[in-house]
Amino acid sequence: MINVNEKFGAFIVPTGIGASIGGFAGDASVYAGEFAKISKLIVNPNVVNAGCFSGIKDNMFYVEGYSIDEFFKGTINLIPSTHNKIGVVFDKAIPKDVLNVHINTIRAVKCVYGVDVSFYEITDEEVGVEFKMEKSGISTGSVKNIQTMLEAAKKLLEKGCDAIALVCLFEDPESDNEDYSNGLGTDPVGGVEAVLSHYISKELKVPCAHSPAFSDYQIYPDLVDGKAASEYITPTFLPCILLGLNNAPKLSVDRGISINNLDYLVMPYNSLGSTPVFEALKRNIPVYAVKENSTALNISPDKISDKIIVVETYKDCLEILKSN
């Protein structure tokens with residue numbers, strides 16, 4: 001699955017931490033795409049998701065955050081897969097007109113890209129998603145009834161689906177970070193989106209990603225920063241997760257590509273207090289911290305390990321990997 005002399009890396013930008021690159025809408029895609037030219041590459045959805053667009057490439061493994069952690073711990077492996085059967089869970093709280101927009105989106109993605117979206121289920125009860133911004137600049141949130149989402153996902157797996165897309169109703173987040181449209185601050189909904197996808201991944205061990213639904217699906221004509229623009233020109237963010245899940249690797253405890261195959265990990269400079277970093281260091285896998293990508297966190301290499309390789313830019317990191 002990994003050819004001899006072929007590199008295999010991970011390019012991660014954690015969700016909801018105000019990353020200056022990758023903290024918006026697909027704005028890390030171009031950077032990750034360059035790494036995917038020299039190696040197979042694990043990316044978390046946050047790196048490539050971009051509303052109606054996607055930065056996913058054939059050489060990328062689209063893996064949700066919880067599953068990435070388990071991969072780095074060595075408890076699951078990745079089995080390359082193509083043309084997954086995707087099931088979509090819709091929050092019962094989504095109004096009928098908004099639901100129809102999303103169903104039309106599914107039909108369009110199926111028609112244009114040939115993605116196999118086999119079934120969808122509406123939860124028996126409202127999921128009840130709430131999100132908030134912490135003073136630290138991190139986005140968080142809570143879910144009142146996450147169990148109803150799990151039950152709907154189980155029904156889709158029973159119907160033969162092997163990847164799950166989640167769509168829950170969110171309130172308009174604009175007032176939580178008015179600078180987001182200007183390419184500043186933190187995505188207000190990113191933190192709680194991670195809660196939703198982590199839960200399903202943990203419980204069901206399948207590829208999973210989340211897309212928010214908003215009652216107001218009007219497209220506004222105001223000019224916004226390019227880093228956020230893809231989310232301002234579409235009434236639904238569903239296409240990007242369907243395109244990512246289409247070829248997302250399946251998960252296995254005993255088969256496929258393991259952490260032992262990984263050659264490197266690339267992270268933002270000051271968001272290093274995570275499972276992938278600690279596990280990579282423990283296994284002597286090179287960890288690169290990229291200074292041009294700053295976040296709302298303050299967990300820099302000096303607080304973690306002198307083994308972490310500090311580079312100024314993603315381009316610098318790429319040149320080092322090319323020369324190795």
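The chain is numbered in sequence order, starting from 1. Model, not experiment: these values are computed from the prediction.
When the options Y31, Y269, Y314 are evaluated for a side-chain hydrogen bond (donor to acceptor under 3.5 Å, both in side chains) with N293, the one that passes is Y314. When each of I219, N104, T105 is checked for a side chain to side chain contact (heavy atoms under 4.5 Å, CB included) with P235, only I219 meets the rule.
No side-chain donor-acceptor contact under 3.5 Å links S258 and N77. Under 3.5 Å, the side chains of S81 and N84 contain a donor-acceptor pair of N or O atoms. Using modelled atom types, one finds no donor on one side chain facing an acceptor on the other under 3.5 Å when comparing H210 with S197. Between the side chains of D225 and Y232, no donor-acceptor pair is found at a separation under 3.5 Å. Judged by distance alone, the side chains of Y217 and D97 do bring a donor and an acceptor atom under 3.5 Å apart.
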Should S274 and M267 be marked as a side-chain contact (heavy atoms from CB on, under 4.5 Å) after you check the CA-CA gap, both sets of side-chain angles, and the distance that decides it?
CA-CA 10 Å; S274 63; M267 297 287 298; 3.9 Å; yes
How far apart are the C-alpha atoms of Y62 and L245, what are their side-chain angles, what is the distance that settles it, and do they pass the side-chain contact (heavy atoms from CB on, under 4.5 Å) test?
CA-CA 7 Å; Y62 185 86; L245 291 172; 4.0 Å; yes
For V89 and V127: C-alpha separation, side-chain torsions, deciding distance, then whether side-chain contact (heavy atoms from CB on, under 4.5 Å) applies.
CA-CA 11 Å; V89 174; V127 178; over 6 Å; no
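For the pair I56 and V43, the minimum side-chain heavy-atom distance is below 4.5 Å. F119 is listed as a side-chain neighbour of C161, based on a closest heavy-atom distance under 4.5 Å.
Rounding to the nearest 0.5 angstrom, the gap separating the CG atom in L204 from the CG atom in D162 is 12.5 Å.
In the displayed structure, R283 atom CZ is contacted under 6.0 Å by more than 12 heavy atoms of other residues, nucleotides or ligands.
Residues I200 and L150 approach most closely at CD1-CA, 3.8 Å, considering heavy atoms.
Taking a cutoff of 4.0 Å between a charged side-chain nitrogen and a carboxylate oxygen, E151 and K154 qualify as a salt bridge. Between E121 and K159 a salt bridge is recorded (basic side-chain N to carboxylate O distance below 4.0 Å).
Between F214 and F237, the ring planes lie perpendicular to each other; the angle is over 60°, past the 30° to 60° tilted range. Aromatic ring pairs are classed by plane angle as parallel below 30°, tilted from 30° to 60° and perpendicular above 60°; the pair F90 and Y120 is perpendicular.
A donor-acceptor pair under 3.5 Å is absent between the side-chain atoms of N145 and the main chain of G128, judged by distance alone. A donor-acceptor pair under 3.5 Å links the side-chain atoms of N270 to the main chain of L297, judged by distance alone.
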